[in-house]
Amino acid sequence: MMYWIVFAFFTTAETLTDIILSWFPFYFELKIAFVIWLLSPYTKGSSVLYRKFVHPTLSSKEKEIDEYIAQARDKSYETMMRVGKRGLNIAANAAVTAATKGQGVLSEKLRSFSMQDLTLIQDDDPVHVQSPEPRLRSASSGLVETIVDQGRNLMN
């Protein structure tokens with residue numbers, strides 16, 4: 001873990017200083033040697049740098065770091081609650097808008113299936129159901145007759 005913390009600091013410093021220092025002779029070779037020194041179990045370079053620089057700095061600033069973490073936790077909770085409420089309001093408004101706009105279309109579609117429309121169909125009138133298979137056509141017309149009969153029974 002010490003290696004990765006030191007390597008993260010190295011990568012950050014490298015990103016900032018690479019433009020300035022890259023023209024020095026043997027810069028890239030020195031960078032490679034430094035990374036090998038950090039990785040090597042014989043030199044334990046990352047442990048040396050962590051114990052000499054990183055750990056004392058983190059220990060002295062521990063209270064400040066804990067306060068920042070607590071503030072971040074509180075702010076993130078407040079932000080998530082605010083975003084969640086806003087999202088639920090948007091979803092509710094979208095659902096109500098879709099229901100009100102779609103109600104006219106839905107009622108027109110359902111109107112064609114209302115009982116009054118079905119009772120207007122005479123027994124002599126052929127029922128036109130478009131189906132590629134004759135078996136489905138007869139089943140569909142039987143369904144319409146059943147609905148018409150049930151409608152008549154309810155009205156009586």
Side-chain angles (χ1 to χ4, degrees), residues 1-23 27-28 30-41 43-121 127-133 136-137 139-144 146-151 153-155:
M1 193 68 170
M2 290 185 228
Y3 166 76
W4 289 110
I5 293 171
V6 171
F7 188 74
F9 283 123
F10 168 70
T11 304
T12 304
E14 174 192 23
T15 303
L16 299 173
T17 61
D18 222 13
I19 298 170
I20 299 167
L21 300 177
S22 63
W23 60 273
Y27 170 70
F28 295 105
L30 290 173
K31 249 178 30 174
I32 292 171
F34 179 73
V35 170
I36 291 172
W37 178 74
L38 287 177
L39 279 171
S40 175
T43 60
K44 298 182 182 178
S46 59
S47 295
V48 170
L49 290 178
Y50 182 85
R51 289 190 178 121
K52 273 204 173 231
F53 299 107
V54 178
H55 184 72
T57 305
L58 291 177
S59 295
S60 67
K61 308 254 183 205
E62 187 174 359
K63 290 182 182 176
E64 293 175 38
I65 293 170
D66 289 342
E67 288 175 9
Y68 286 129
I69 290 172
Q71 288 176 1
R73 184 184 60 224
D74 294 340
K75 285 183 181 179
S76 66
Y77 178 77
E78 291 171 6
T79 302
M80 288 305 297
M81 290 302 292
R82 188 175 62 244
V83 168
K85 286 180 184 178
R86 189 178 298 162
L88 287 174
N89 285 337
I90 290 171
N93 286 339
V96 168
T97 302
T100 56
K101 286 184 179 179
Q103 185 177 5
V105 174
L106 185 62
S107 65
E108 289 298 320
K109 295 273 186 196
L110 291 176
R111 183 175 175 192
S112 65
F113 296 116
S114 69
M115 295 307 286
Q116 291 176 348
D117 292 341
L118 292 175
T119 57
L120 295 176
I121 299 174
V127 177
H128 301 287
V129 177
Q130 296 178 354
S131 175
E133 299 178 28
L136 293 176
R137 187 174 297 131
S140 297
S141 62
L143 177 65
V144 171
T146 305
I147 292 172
V148 170
D149 291 339
Q150 288 177 353
N153 291 339
L154 289 173
M155 296 180 101

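Hydrogens, waters and symmetry mates play no part in the numbers below; they use all other heavy atoms, side chains included. Only a predicted model underlies this, so the values are computations on that prediction, with no experimental measurement involved. Residue indices begin at 1 and follow the sequence shown.
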For Val6 and Phe53, what are the C-alpha separation, side-chain angles and deciding distance, and is it a side-chain contact (heavy atoms from CB on, under 4.5 Å)? CA-CA 10 Å; Val6 171; Phe53 299 107; over 6 Å; no
Check the pair Val48 / Thr43 against side-chain contact (heavy atoms from CB on, under 4.5 Å), numbers first and verdict last. CA-CA 9 Å; Val48 170; Thr43 60; over 6 Å; no
Stepwise side-chain contact (heavy atoms from CB on, under 4.5 Å) test for Met2 and Arg51: CA-CA 9 Å; Met2 290 185 228; Arg51 289 190 178 121; 3.5 Å; yes
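Looking at every heavy atom in both residues, Leu38 comes nearest to Gly45 through CD2-C, 4.0 Å.
The number of heavy-atom neighbours closer than 6.0 Å to CG of Leu16, taken from other residues, nucleotides and ligands shown, is above 12.
For the atom pair NZ (Lys44) and OH (Tyr50), the distance works out to 16.0 Å, reported to the nearest 0.5 Å. One distance of note links CZ of Phe28 with CG of Asp18; it measures 6.0 Å at 0.5 Å rounding. To the nearest 0.5 Å, atoms OG (Ser46) and CE (Met1) are separated by 12.0 Å. In this structure, CZ on Phe9 lies 7.5 Å from CD1 on Ile5, to the nearest 0.5 angstrom.
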Only pairs under 3.5 Å count here: list side-chain donor-acceptor contacts from residues 65-83, not counting sequence neighbours, and write none if there are none.
| unit_1 | atom_1 | unit_2 | atom_2 | d |
| --- | --- | --- | --- | --- |
| Ser76 | OG | Ala72 | O | 3.1 |
| Ser76 | OG | Arg73 | O | 2.8 |
| Thr79 | OG1 | Lys75 | O | 2.7 |

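Residues meeting the ring-ring contact (aromatic ring centres under 6.0 Å, His included) test with Tyr3, sequence neighbours left out: Phe7.
For the pair Thr15 (side chain) and Thr11 (backbone), a donor-acceptor distance under 3.5 Å is present.
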